[in-house]
Amino acid sequence: MAVADTSTSIRTVSHWINGVAQASAGEHSAIVWNPATGEPQARVDFAAVEVIDRAVEAANHALPEWRSTPLSRRAEIMFKLRELVDAHRREIAEMITAEHGKTLPDALGEVARGLENLEFACGIPNLLKGGFSEQASRGVDVYQIRQPLGVVAGISPFNFPAMVPMWMFPNAIACGNTFLLKPSEKDPSASLLLAELTKRAGVPDGVFNVIQGDSVAVDRVLEHPDVKAVSFVGSTPVAKHIYEAATRNGKRVQALGGAKNHMLVLPDADIDMAADAAVSAACGSAGERCMAISAVVAVGAVAGPLVEAIAGRMARLNVGPGIDPQTEMGPLITREHRDRVASYLADAESEGAKVVLDGRRDPACRRAGFFLGASLLDNVRPGMRCYDDEIFGPVLSVIRANTYTEALRVINRNPYGNGVALFTRDGGAARQFQFDVEVGMVGINVPIPVPVSYYSFGGWKASLFGDLHMYGPEGVQFYTRAKVVSSRWPDPGTSKVDLGFPQSR
Ligand code: NAD
């Protein structure tokens, strides 16, 4: 939402184009809130079409030299960037806590998981090695090389303002592309610090650009003919829009969407361990993680004791400002989002669920920030709004199932397929589950199975539009295109006209 600025004292967050932080040009803007106090803390510019065009031009201009830069030099720059981000961990994390609201340890964890992707990109000379087939035919060698796409763009969500950009741009630029980042307008500052660090690391001007904005900026990126590929992470309706618009305009696209992640607890599971995991994965970052657990599916007699163990743990959580070392769970991102999440609690009872713990009663809700305590709903069923929607807040639903088969059916029928966890002590059951479940990322006794950077991240079904997952080997594949060369160096004396279709001899 673009709003008029009523304050002259708050700072302005603007764009980073061609290696230079841009002064605010009095464009449309929005308030960046402090979720812990409920007050405005900055103003973020919204790029107009001309600004996007200027950023694409800078990226286009930087492209020929950057894609010609030797791999060893690109790797050296990625190493330097890795060192700089490492040295600025705390500063980045503090920005995240101030604008997103998550606790400082959680924000530090986000930076650490982002750093993994920089480490992966340091191996770019090895990652871009192609195949070579000597003597594919008589005197003919065939080999494959991977080349960058050109100018590529990344559009990131509010919930990981540093990590998700680092899922995208290290691999993109290491592969020889130039990059445009459009961060979330809700917590835009970390993107500018990352931009500054890329410059200090030796990334040439124009190779990494940041444009702040809303759908106007995104739509221009989607239609700009010089933008060759788009990586998107955000909600499913927007992911679908991005996928459709980008493909219609002939771009390569990976659009990661929303989620409804289940945790299946079998009767043999350790109840305390399962309850610890459920609460951590449901309430970490106030449930604003795409890999948060939002539904526990409890099989058989485990349900009663599990609900009790989860409720006890949730009730003890310390909710408060993310910067306070005592805080375990911070506020939600905006007042509107907090109210939307709370509305599910208001409706749950009338839909037939049991509200075991109502986060609206948490003492933190009396603070001025956008707080909501942890909430637990029992006897939830598909068809209820609290189950069908992605709530994206600290609300955990418990579904009771009689058998593994019934539990599996619930999970596989859900339209989303991002992450899932199984808690059990039975290796055979776990193996069967990983075979059966229709979800892209599976945790066996691991509640938030975000793959390490040398695998790739991506859900199934309505959690991903596109073919390739993000970061890791599939990230390198996404940001490059293959070229196959067939070559021979015959004696010209042997040359003759031959109209037959070439075949191996
Ligand atoms: P969002 O979809 O509202 O916004 C994501 C990005 O798209 C932002 O940069 C935003 O400015 C832009 N945007 C918003 N509306 C747009 C429109 N109509 N047209 C063009 N661009 C638009 O998502 P969010 O609220 O920032 O993030 C939370 C969502 O992201 C949740 O649904 C969560 O599950 C999802 N998410 C998914 C993953 C994943 O890997 N699958 C990771 C993180 C977050």
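Counting starts at 1 for both ligands and their atoms, following the listed order.
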Tabulation required: pairs of a nitrogen or oxygen in ligand 1 and a protein nitrogen or oxygen under 3.5 Å; columns are atom names and distance to 0.1 Å; otherwise 'none'.
from	atom 1	to	atom 2	distance (Å)
ligand 1	2 (O)	Ser235	N	2.9
ligand 1	2 (O)	Ser235	OG	2.7
ligand 1	9 (O)	Ser156	O	2.8
ligand 1	9 (O)	Lys182	NZ	2.9
ligand 1	11 (O)	Lys182	NZ	2.7
ligand 1	11 (O)	Glu185	OE1	2.7
ligand 1	26 (O)	Phe158	N	3.0
ligand 1	30 (O)	Gly234	O	3.3
ligand 1	30 (O)	Ser235	N	3.4
ligand 1	32 (O)	Glu390	OE1	2.6
ligand 1	32 (O)	Glu390	OE2	3.4
ligand 1	34 (O)	Glu390	OE2	2.5
ligand 1	41 (N)	Gly257	O	2.7

Result block: side-chain N/O donor-acceptor pairs under 3.5 angstrom for residues 103-114, not counting sequence neighbours:
from	atom 1	to	atom 2	distance (Å)
Thr103	OG1	Asp106	N	3.3
Asp106	OD1	Arg289	NH2	2.8
Asp106	OD2	Ser285	OG	3.4
Glu110	OE1	Lys102	NZ	2.7
Glu110	OE2	Ala162	N	2.7
Glu110	OE2	Met163	N	2.9
Arg113	NE	Glu116	OE2	3.0
Arg113	NH2	Val450	O	3.1
Arg113	NH2	Pro451	O	3.1

- request: Take His262 and Tyr387 through the test ring pair (Phe, Tyr, Trp, His ring centres under 6.0 Å) and record every step on the way to the result.
  value: CA-CA 11 Å; His262 299 79; Tyr387 176 76; 5.6 Å; yes

field: Of Glu185, Lys186, His28, the residue whose pairing with Val44 passes side-chain contact (heavy atoms from CB on, under 4.5 Å)
entry: Glu185

message: Distance to the ring centre below 6.0 angstrom and angle to the axis at most 45 degrees; does that hold for Arg338 and Phe371?
response: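 Judged by the rule, Arg338 and Phe371 form no cation-pi pair.
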
- prompt: Should the pair Phe208 and Phe179 be assigned to parallel (<30°), tilted (30 to 60°) or perpendicular (>60°) ring geometry?
  reply: parallel

- prompt: Parallel, tilted or perpendicular: which fits the ring planes of Phe370 and Trp33, with parallel below 30° and perpendicular above 60°?
  reply: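 Ring orientation of Phe370 relative to Trp33: perpendicular.
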
